[in-house]
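What follows is a set of notes on a single structure, which appears directly below.
Sequence lines set the chain letters: A, B, ... in the order given, protein chains first and strands last, and positions in each chain run from 1.
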Amino acid sequence: MKSQESSVVQPQRRRVVEILLGGGLFASVVSFLYPVLRYLVPPAVADLGGDEVVACKTGDLKPNSAKIFRFGNHPAMVLMTEDGEYRALSATCTHLSCTVQYRNDLHQVWCACHNGLYDLNGRNVSGPPPRPLDAFQVHVRGDEVVVSRKREG
Amino acid sequence: MDMWRNKRLRVLLWLILGMPLAGAWGQAPNSCLDCHSVLDAPLQVTPEQFSRDVHSQKGLDCASCHGGDPKKTDMEAMAKGAGFRGKIQRSQIPGLCGHCHSDGAYMRQFNPSLRTDQLSQYVTSVHGKLLAKGDVKVAVCTDCHGVHDLRAPRNAQSKVYPLNIAQTCARCHANAAYMKGHAIPTDQFAKYSASVHHEALAVRGDLSAPTCTTCHGNHGAAPPGVGSVQNVCSTCHVFQDQMFEKSTHKAAFQAASLPGCIVCHSNHDISHPTDAKLGTGPQSVCSQCHTPGDDCDQATKEMLSGLTRLNGAIQEADRILGVAESSGMEVSEARLEEDQAHDSLTKARVTIHSFRKDLVEQDIEAGLKIAAKNVQAGKDALKERDYRRMGLGFSLVAIAAVVLGLWLYIRKTEQTA
Amino acid sequence: MRALARVRDWLDERLDWAALIAPLRHKTVPIHRLSYWYFLGGITLFLFLIQVGTGILLLLYYRASANEAFESVQYIMTRVQFGWLIRSIHSWSANLMIFTAFAHMFSVLFLRAYRKPRELTWISGMLLLFLTLGFGFSGYLLPWNTLAFFATKVGTEITGQVPVIGKWLMVFLRGGEEVTGATLTRFFGFHVAVLPGIVTLLIAVHLALVQRFGISVPPGVEAEWKASPGAARQMKFFPGFFLRELMAWYIALGVLGALAAILPWELGTKADPFAPAPAGIRPEWYFMFMFQTLKKIPARIWFVDGELLGILAFGAAGLVWLLLPFFDNLGRGRGRRMILGAGIFALAYMAVMTVYGYVAK
C-alpha cells in the first residue's frame, strides 16, 4: 500500500466521495436491515407441518369415514371408526406408493392400484403391500383433531 | 455278468469305507443311501442331497415311497418281500404323492395348514387329463417340486419358489422339441421374460407380482377360458375390471368370443401400456377392430389427445420446477403436488377402460388443474429468484459504492497526510 | 453532529472514554509488501460476528428435536421472509470462516508472527481454530438431513477409536451409544451456548494479547528496517488501517450475499436413522483430508491398528501445532527451518488429501 504524495483536493472530488460514502453506506445498511427486519416478523403460517398437524375439526368426520390431509411432505389419512375412535395412518401405499383410500363398506383401508387392503391399525392384510402403513398418534385438542408422529423410540 | 460282478465288488469296497461316512450324517442306518450315494446318475442319491429334502427332515425315508427295508443290507433291502417298488412309474407318481398329501388326517400331523387338494386339482388340469390318457411326457409332481432334495415352496431354492416358477415351467414349455405333438406355442417364457410382471417379480422383487401359476393355477394348471380371462386379471386390476364390465366393449367382446383383456394387452408379453395404444397410430390396438372414420375412431383420438395434453402439462411443470430447484429455490410443496397430478394421469389411463371419453376427460381436467398449479408454483419460484437477484444486485451496487467511497476517502485523507 | 459530541462528552465524564480508547488511537500497523496478510485475522473475526448475528436470527425459528429440526430449517428456507438469505449466509460464512481461520494460522506461521513474545497469542489462536472446527462439526448436524446424520455418525465413530477415553468421549458427544435426537439436542447446546461462550472469552484474550504486543513484523522485513531505519513505515490503525479493513469486510459481505443468492445452501433429505447409509458419504471439506487419510491408511502397520495410528498421528500433530512456538528456538535456526518445513508439508498435505478425497470414488 503506497500513500500518495500530497496534492490539492478538489471540492467536487470531496462531494463525490461524500455522496458515494454517505449514500452507499445508507443504501447498504438498508439492504442489510430490510431483510433482517422482515425476517423478524413471523410468517402467516406458524405451523411447521412436520411434527404435528391439525388434520381436521372434531365435527368433520362421521363414524366410519376418513379424510386425507397433508402431513409433512406426504399424504396421511385420519379416520373415525364405527365406535367413534380416531385413527391416523400414512396414506402412501407400501406397494407402489399410490395414495390409499378408506372403504366404508369394507371398514378397511384400500389401495385402488392393485387391490391392496390394510386394517384400521395399518396392518397389511391382503394383496400386494409388503409392509403395514405407518401409524400416527391422534389427540383431540378442543375442537381440533391433531395428528403427530409417534414418539421417537 | 463281468460288469455286474465288478460293480458289486466296488460297492462292497465303498461300503466298508462308506459306512462311517453315512453314520457321520447323523441319520438312521440307511443302506439305500450307502449304496446309492456311490452309484452314477440317474441312480445317485447322496446323503447330503437327501438331508435337504423336506420329507427326510420330517422323518420319512426311502422306504416311505419306494418300499423295501433300509435296515437290511445289500440286495435284501430291495427284496419284493420287503415291499420294494423300485423306480416309480411316471403315471403312478401323482397317486403315490397323493396317497399322503390328500390324506387330511395324516398331513395334520406334520403341517395342519397345508392344503390337501393337490391331487384332486391335478386331475382337472391339462397335465392331469393328458396323463390319464397315457401321455407320460406331461408334468407330474416330481418334475416341478423335485425329488430326493425336494424343498418347501417357501424355500428360496425350491423350484416352485415364486421367483423360480417361470423357469421350472419353461423347462418343458419352452422346449420346442419336447413339446412336439402338442399344439401349443413354446414362446410363453420368452414373452413373459420381457413383460412388466416379470420385471416386477424378478427385478423389483415384488413377490406379489404374477408368474405362470398365478394366472394358470399350479396343481390345476390350465389356461383360463375365454370368458374367465377378465376374472383372472381382475384379482389385482380391480378398477380396470369394474370399468370394463360397465363398458360397451364387454358385451361386444362376449358376442365375438374375444378373450377380454388379452385382446389389447396380450397374455404373456404384457408390456407397459403406453398412450400410443390409443388413437390411430401404428401401435394402436383400437384399429384391430375399429375402422378409421367411425365414431369410436373419433373418441379414441380425443382420449389420446387428452392424455397427451396432461402428460405434456406435467412434464412442463416438472421442467420449470427443475429449473427453479437448480437455481436454489425450495419447491418441495409443489413437488408433492406433482405426485397428485401424476395420480390423476394414472387414474385417467385406468378410466380408458370404461371407453367413455367424458369420464376420461373428467380425470384429465382434474390433473390439468393440478399441473397448472404446479407450473404456476414453478413460475412463482423463478420470479422469486429474479427478485432475489435484483435485491442482490442492488445491495452489491450499494456495497461497491461504499468500497469505492472508502477508497477515495482513504486516498484523499492520505494525500494530505 | 453536535448531539453526538454531547453524548460523547457525557460518556467521557463517567467512563473516561478518552483514556479507554487512547491505546487504540495510538495503535499502528506496520506497512510493507506482506501487509495484506494482516487482513485475515480481522476477516475471520468479521465472519464470526456474522455467524453470531445470523445464528441468533436462526434461533428464532429453529427447533432442535429430531422430529422437527429438518422441517424447521425447511420452514426457514421457504416460509420465513428472507429466511433463505439468513440461512445460506450462515452456512457459507461458516465455511469461509474456517477457510480464513486456516489461512490466518498459516500466514502467521509463515510470517513467523508466533515468535517470542507472542507464544500465548499463538496458543489462544490455535485453540480458537480447534473450537471453530467444533462449531463446524456441531452445526453441520443441526439441519438433521441424511448427509449430516451419517457424517456425524462416522465422525463420532472415529472419536470412539481414541485409546482409553475414546468410548467415553463418543458416548459423551452422542448423548448415548448411537446418534439419535439426543445427539441433536447436545450438539445444539454445544453450538449455541458452550462453544460461543468459550470462543468469546478466547477471542477477548486473543485480541487483548494482540493489542498488548502490537502487530508482528516478519523477520525479513525486520532485518531490512534495521538496516535502513528510514524505510520502516507504520500506519495508524485509526483511521487508516481500519478504513481499509472496513473495505475488506464490506467486500466480504458482498461475496456472502452473492453466494447466498446465487448458490443457496442445500436442504437435503430428512435423516432416517433406519435407512442404510447412502453411497459416497463424506464429511465437509475441512475434515476431508483427515477422513481421506484414515480411509487410505493400511489396516495394520506393524502390530498397530492402522486407523488408530492415524488418529493418534493427527492428535500428536495437533498437539505439536499447538506448541509450535516452543520449537522455534531449537538449535541454530534448525527449529525455524523445521517449522517452515512442517508448515509447507501440512499445507500441501491438507490440500492434496482434500482434492484426493473429492476426486477419488
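More than 12 heavy atoms of other residues, nucleotides or ligands sit less than 6.0 Å from atom CZ of A:F69. Within 6.0 Å of the NZ atom in B:K373, the count of heavy atoms belonging to other residues, nucleotides or ligands does not exceed 12. For A:H107, the NE2 atom sits in a packed shell: over 12 heavy atoms of surrounding residues, nucleotides or ligands are nearer than 6.0 Å. Applying the 6.0 Å contact sphere to NZ of B:K379 captures no more than 12 heavy atoms from other residues, nucleotides or ligands. Dense packing is recorded around CZ of B:R389, with more than 12 heavy atoms of other residues, nucleotides or ligands lying under 6.0 Å away.
Across A:T99 and B:D343, no two heavy atoms sit closer than the pair OG1-OD2, 3.3 Å. Pairing each heavy atom of A:V17 with each of B:L408, the nearest pair is CG2-CB, 3.5 Å.
For a residue to count as touching a neighbouring chain, one of its non-hydrogen atoms must lie under 4.5 Å from one of that chain's; by this rule A:I19 does not touch chain B. Heavy atoms closer than 4.5 Å to chain A are found in the side chain of B:R204, but not in its backbone. For B:F394, the part lying near chain A is the side chain, with the backbone staying farther off; criterion is any non-hydrogen pair under 4.5 Å.
The CZ atom of A:R70 sits 10.0 Å away from the CD atom of B:Q340 when rounded to the nearest 0.5 Å. Rounding to the nearest 0.5 Å gives a distance of 8.5 Å between CG of B:D339 and OG1 of A:T92.
The shortest distance between side-chain heavy atoms of A:N115 and B:T235 does not fall below 4.5 Å.
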Check step by step if side chain to side chain contact (heavy atoms under 4.5 Å, CB included) holds for A:W110 and B:V238. CA-CA 11 Å; A:W110 178 62; B:V238 178; 4.1 Å; yes

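Residues of residues 26-37 of chain A that come closer than 4.5 Å to chain B, counting heavy atoms only, are A:A27, A:S28, A:S31, A:F32, A:Y34, ordered by residue number.
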